[in-house]
Amino acid sequence: MEFKVLWQDEESTQGFAQLLAACVQAGDIICLEGGLGAGKTTFTRYFAQALGIKRPIKSPTYTIVREYTEGPLAFYHMDAYRLEETGADDLALIEYLSRPGVSVIEWPQFIAEDLPDDYLWLSISKTTSTSREVTIKAFGLRGEELLAAVKERY
Ligand SMILES: Nc1ncnc2c1ncn2[C@@H]1O[C@H](COP(=O)(O)OP(=O)(O)OP(=O)(O)O)[C@@H](O)[C@H]1O
């Protein structure tokens, strides 16, 4: 299943982040693919806020995973970009995905072959300086269920 959405400005990105946050449950995985400046971190900030995370979201590039456990759902923010460079093991990151929280993975293409069966994959393309076209693909039963919930609310 595939679904296209438009984030016509940052407010719309925030609106979508809130919508998705209202649909997720423990164990869900959201992959964010997009080039530099696509809006992966911006989206993640709004998503985390909507999940009730009060601490500021900092880029996990150098730590690979940042954990936020103060909200009703634990939130894991991951960046797979540096994995290859640092020689760090994918397994440490993959282990987080089996924990009872919600995970957002930036640069998921670096660990695509090790992902579990169920996830949403958002491909973000910059269309203008303020708008983003986003293609959402669902994988696995839970992915399909989550995307169906998103479509219903969109
Ligand atoms: N509709 C939009 N959605 C998201 N970001 C937007 C939008 N319009 C403009 N922007 C701006 O685009 C920039 C996106 O930067 P951001 O750091 O989120 O990208 P990124 O994909 O995480 O890039 P990197 O991989 O380089 O960290 C921000 O400055 C943000 O304000």
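Each ligand, and each atom within it, is numbered from 1 in the order the structure gives.
Inside a 4.0 Å radius of atom 5 (N) of ligand 1 there is at least one protein heavy atom.
For ligand 1, the polar-atom distance check against Ala38 finds a nitrogen or oxygen pair separated by under 3.5 Å. At under 3.5 Å, not a single nitrogen or oxygen of Gln8, backbone or side chain, sits near a nitrogen or oxygen of ligand 1.
Ligand 1 has Trp107 within reach: a non-hydrogen atom of the residue lies less than 4.0 Å from it.
Within the set Ser131, Ser129, Gly39, the minimum heavy-atom distance to atom 19 (O) of ligand 1 is found for Gly39. Atom 21 (O) of ligand 1 has its nearest heavy-atom neighbour, among Lys126, Lys40, Glu10, Gln14, in Lys40. Between Ile124, Thr41, Thr42, it is Thr41 that holds the heavy atom closest to atom 22 (O) of ligand 1.
At a heavy-atom distance under 4.0 Å, only side-chain atoms of Thr13, from C-beta outward, approach ligand 1. Contacts between Leu32 and ligand 1 below 4.0 angstrom, taking non-hydrogen atoms only, are absent altogether. Residue contacts with ligand 1 for Tyr81 are absent, since no atom lies close enough (heavy atoms, distance under 4.0 Å).
When only non-hydrogen protein atoms are considered, atom 13 (C) of ligand 1 lies nearest to Gly37 O, 4.0 Å.
Defined by atom type and a distance below 3.5 Å, a donor-acceptor pair is present between the side-chain atoms of Ser123 and Glu33.
Each of Leu97, Ile64, Ile111 was evaluated against Met78; a single residue qualifies, Leu97, per the side-chain contact (heavy atoms from CB on, under 4.5 Å) test.
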